[in-house]
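Have a look at the structure below, then the notes.
Order of the sequence lines sets the chain letters (A, B, ...), proteins ahead of strands, with each chain counted from 1.
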Number of protein chains: 2
Amino acid sequence: MHLLQIYMKTLEEKAEKFNYNDLNERSREILLGIIEGYFGTASPVGSKFIAESSKLNLSSASIRNIMASLEEAGYIYQPHFSAGRIPTAKGYKFYVDSLMKTEKISIKEKEDIEIRLTSANRDLNGILNQVSILLSDLSHYAGVVLAPDMSEANLLHIEFIRIKEKNILAIIVFANGVTENKSFYITKDIKQNELTRYSNKLNEIIEKKNCSLDGLKEIIIEEMHSDKENFYSILNMGIFSSIGNVSGYWDYKHYDNCLYVGPEGDLIEEPEFSNNEQIKFLIKTISDKKNIIKLLGHTKNSKTKQIFIGSEDEWSEISGLSLITAPYISEINMIRGSIGIIGPLRMNYSHVIPIIDFVSEFLSGII
Amino acid sequence: MHLLQIYMKTLEEKAEKFNYNDLNERSREILLGIIEGYFGTASPVGSKFIAESSKLNLSSASIRNIMASLEEAGYIYQPHFSAGRIPTAKGYKFYVDSLMKTEKISIKEKEDIEIRLTSANRDLNGILNQVSILLSDLSHYAGVVLAPDMSEANLLHIEFIRIKEKNILAIIVFANGVTENKSFYITKDIKQNELTRYSNKLNEIIEKKNCSLDGLKEIIIEEMHSDKENFYSILNMGIFSSIGNVSGYWDYKHYDNCLYVGPEGDLIEEPEFSNNEQIKFLIKTISDKKNIIKLLGHTKNSKTKQIFIGSEDEWSEISGLSLITAPYISEINMIRGSIGIIGPLRMNYSHVIPIIDFVSEFLSGII
DNA sequence: AATTAGCACTCTGTATGTTTAAGTGCTAAT
DNA sequence: ATTAGCACTTAAACATACAGAGTGCTAATT
């Protein structure tokens with residue numbers, strides 16, 4: 001045997017014993033045991049517990065050896081020298097990606113979701129708010145919902161109403177029934193019957209071209225060149241400066257008003273939040289909204305479910321928390337938003353993920 | 001001197017020394033000292049501190065005597081035998097009613113309020129949400145805003161739009177520019193031009209009678225008797241069952257969607273919330289919304305500012321918290337709601353009260 | 001008669017030491 | 001390769017001592 005061959009063999013063996021990319025069977029089993037044990041008790045899991053509870057008939061001493069390597073590779077850590085082990089963010093991530101078997105969502109839960117999202121005549125606001133509460137109730141963590149971006153949603157109808165002198169209300173109805181209204185001021189008063197003529201003209205375009213608000217704007221800007229009545233320039237100045245904005249970004253909801261947060265009463269009872277600093281961080285994170293909106297924004301544009309596990313290295317803005325998100329998309333109506341559940345790192349992923357999946361799918365169907 | 005007279009004199013003296021309804025000057029001064037001392041340090045105030053800081057040149061021993069009577073009367077208490085004194089809910093109440101000198105709201109704060117509530121074209125939702133954030137920012141506690149009851153608000157316009165077969169969207173515009181929309185299903189499809197005829201008919205009534213939604217409903221029920229086209233009965237069945245409800249209560253906002261809560265990040269930093277149970281109670285109270293809505297509802301209907309100081313005896317639903325509320329009312333538009341600030345009992349009342357006063361007045365003016 | 005100095009007493013919070021239980025890493029034996 | 005055994009580490013629980021803050025009461029003073 002060549003020296004090189006021997007060296008290669010050693011490397012292989014080392015890799016077999018401990019593959020950093022994809023743990024071997026035994027390590028996986030033990031990591032799974034630690035994570036599930038920690039889910040149950042919320043306190044560090046020791047080698048003895050694993051030795052007794054796992055299928056591998058190994059002594060605690062052997063388990064300890066493997067645990068030492070798992071720790072070296074960053075999947076678990078010890079809060080102090082002689083304590084048991086706790087999964088790290090990397091450990092949870094590996095669990096979610098490779099170890100977890102997701103539960104099926106129960107029929108009772110399915111029915112609950114269907115009933116609560118279809119009963120009553122609700123506008124979009126009402127539905128999204130209801131979804132945030134529903135997610136909190138089902139998961140026992142905190143549900144969050146990002147309102148959709150309507151910039152590309154198909155229009156159905158636009159109506160102008162004169163509220164008082166020089167003050168006009170624009171009502172925009174999208175094809176899916178969502179309405180948006182903006183009041184704005186103009187420099188010269190316009191009578192209601194003239195306004196109605198304007199609305200009718202716009203509605204003709206909408207019906208003919210089947211366009212979005214962005215699309216409508218483009219058409220209007222184009223028509224402005226050959227505009228004899230000065231009609232489009234009034235629209236452009238007065239109306240579009242108020243219902244869209246110049247840079248082309250449609251602020252369907254004000255930044256501070258586009259996140260629905262469900263009740264967090266159950267979440268704060270989790271043992272990780274018996275620590276005062278932890279609970280304050282949680283409340284500030286949720287109440288500040290900014291970072292959650294940012295993460296939900298990622299998912300909105302990504303088309304697939306995402307799991308943000310907050311650590312010091314990655315997603316530090318939610319360090320110590322987990323956020324599971326999924327988009328809701330209506331291809332027909334061209335609207336798109338996202339939902340999520342915030343909980344501790346020690347979240348019941350296998351239960352929560354199917355809930356998020358089902359709710360996002362169901363929501364996509366009804367909006 | 002008669003025995004009776006002597007007895008009366010004794011009683012009077014006792015009353016002078018300690019009048020349960022209206023403390024004598026010295027007691028008031030000491031109670032004020034305790035409350036203001038407690039505002040500053042958030043820890044029990046002892047007799048020595050008062051002796052040194054107050055204008056009354058008394059020894060700590062004398063102060064102790066008076067403190068004992070104040071305690072007997074329920075204005076202050078000791079957390080344990082040899083601690084200083086802390087104001088009770090009754091103490092705070094007395095302070096707010098009789099001792100407090102409210103500060104004037106600063107020009108800078110006034111300007112801040114005006115700028116933040118008038119800038120940008122905002123719908124009512126946006127304004128109320130902004131008010132909740134504004135109240136949080138100014139007070140450093142948590143601002144809350146109850147959405148108005150629109151049942152008596154004057155109508156401006158109603159519009160029906162056919163979304164798809166048998167599915168109609170009703171847009172209701174109130175005189176102050178608030179819009180509400182409800183989608184509903186009917187048993188027989190109606191074409192858009194017929195719907196427009198219906199809207200026009202309703203708008204004629206609205207313009208002529210200048211009525212509220214409740215008023216419109218009554219008119220329609222009356223007209224149903226002499227209804228040849230069967231028009232009003234369709235309206236009554238389809239539309240009013242969805243936009244109002246049978247019992248006459250107009251659910252402008254769903255119960256769970258009518259409270260705006262500002263950021264609570266500053267509030268949880270108050271020393272009373274370093275206790276874990278306290279912070280959980282706070283978060284649950286705010287996140288549950290029910291009790292806060294109830295208290296804000298009181299104020300909405302009462303026309304005057306109210307201060308709820310939560311103790312075990314009174315307003316126990318916010319025990320350990322204070323809620324200062326004021327209504328906002330637009331007489332012209334007949335709409336009415338309320339705003340509030342939630343904080344610890346040890347709240348900076350003299351600063352917060354003028355803020356609430358000014359914001360509620362300003363808001364009344366712009367809605 | 002009102003006020004106060006003085007003092008014994010009570011309670012909290014902090015520091016300190018002790019013990020127990022849990023869990024580890026390492027070594028030598030299997 | 002695995003494990004029994006053991007010395008070691010740490011947190012948590014408990015007991016003890018002690019300083020500091022503040023009280024209520026009594027006797028002395030104004």
statement: Scoring nucleotides 20-26 of chain D by protein non-hydrogen atoms under 4.0 Å (B base, S sugar-phosphate only, - none) yields -BBBBB-

- line: Given protein heavy atoms under 4.0 Å, the one-letter contact record of nucleotides 13-19 of chain D, with B base, S sugar-phosphate only and - none, is simply -------

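- Remark: A/S54 engages no residue in a side-chain hydrogen bond (donor to acceptor under 3.5 Å, both in side chains) (not counting sequence neighbours).
- Rounded to an integer number of Å, the gap from OH of A/Y77 to P of C/dG23 is 16 Å.
- Taking atom CD1 on A/I30 and atom C1' on C/dT24, their separation rounds to 15 Å, with Å as the unit.
- A search for side-chain contact (heavy atoms from CB on, under 4.5 Å) contacts involving A/T102 returns A/M100, A/I353, A/P354, not counting sequence neighbours.
- Applying the salt bridge (charged side-chain N to carboxylate O under 4.0 Å, His left out) criterion to A/E270, with sequence neighbours excluded, gives A/R346.
- Applying the salt bridge (Lys or Arg N to Asp or Glu O under 4.0 Å) test to every pair with at least one member in residues 309-326 of chain B, sequence neighbours left out, gives these pairs: B/K93-B/E314, B/K294-B/E317.
- No donor-acceptor contact under 3.5 angstrom links the side chains of A/E264 and B/S287, judged on distance only.
- Qualifying side-chain contact (heavy atoms from CB on, under 4.5 Å) partners for B/S132, counting only residues two or more places apart in sequence or in other chains: B/N129, B/V145, B/Y260.
- Remark: B/Q278 pairs with B/F273, B/N275 by the side-chain contact (heavy atoms from CB on, under 4.5 Å) rule, at least two apart or across chains.
- Atom C1' of nucleotide D/dT2 and atom CD1 of A/I66 are separated by 10 Å, given to the nearest angstrom.
- A/N57 places its CG atom 12 Å from the P atom of D/dA4, with the value rounded to the nearest Å.
- Partners of B/N65 according to the side-chain hydrogen bond (donor to acceptor under 3.5 Å, both in side chains) rule, which considers only residues two or more places apart in sequence or in another chain, do not exist here.
- At the phosphate of C/dA2, neither OP1 nor OP2 sits under 4.0 Å from any side-chain N or O atom of B/R26.
- As rounded to whole Å, 6 Å separates atom C1' of D/dT10 from atom NE2 of A/H80.
- Residues that satisfy the side-chain contact (heavy atoms from CB on, under 4.5 Å) test with A/E25, not counting sequence neighbours, are A/R28, A/E29.
- Both key distances under 3.5 Å define a Watson-Crick or G-U pair, and stretches of 3 or more such consecutive pairs in DNA chain C run C:1-30 with D:1-30.
- Contacts of B/K284 classified as salt bridge (charged side-chain N to carboxylate O under 4.0 Å, His left out), with partners at least two apart in sequence or in another chain: A/E269.
- For an aromatic pair to be called close, the ring centres must be under 6.0 Å apart, and B/Y92 with B/Y38 fails this.
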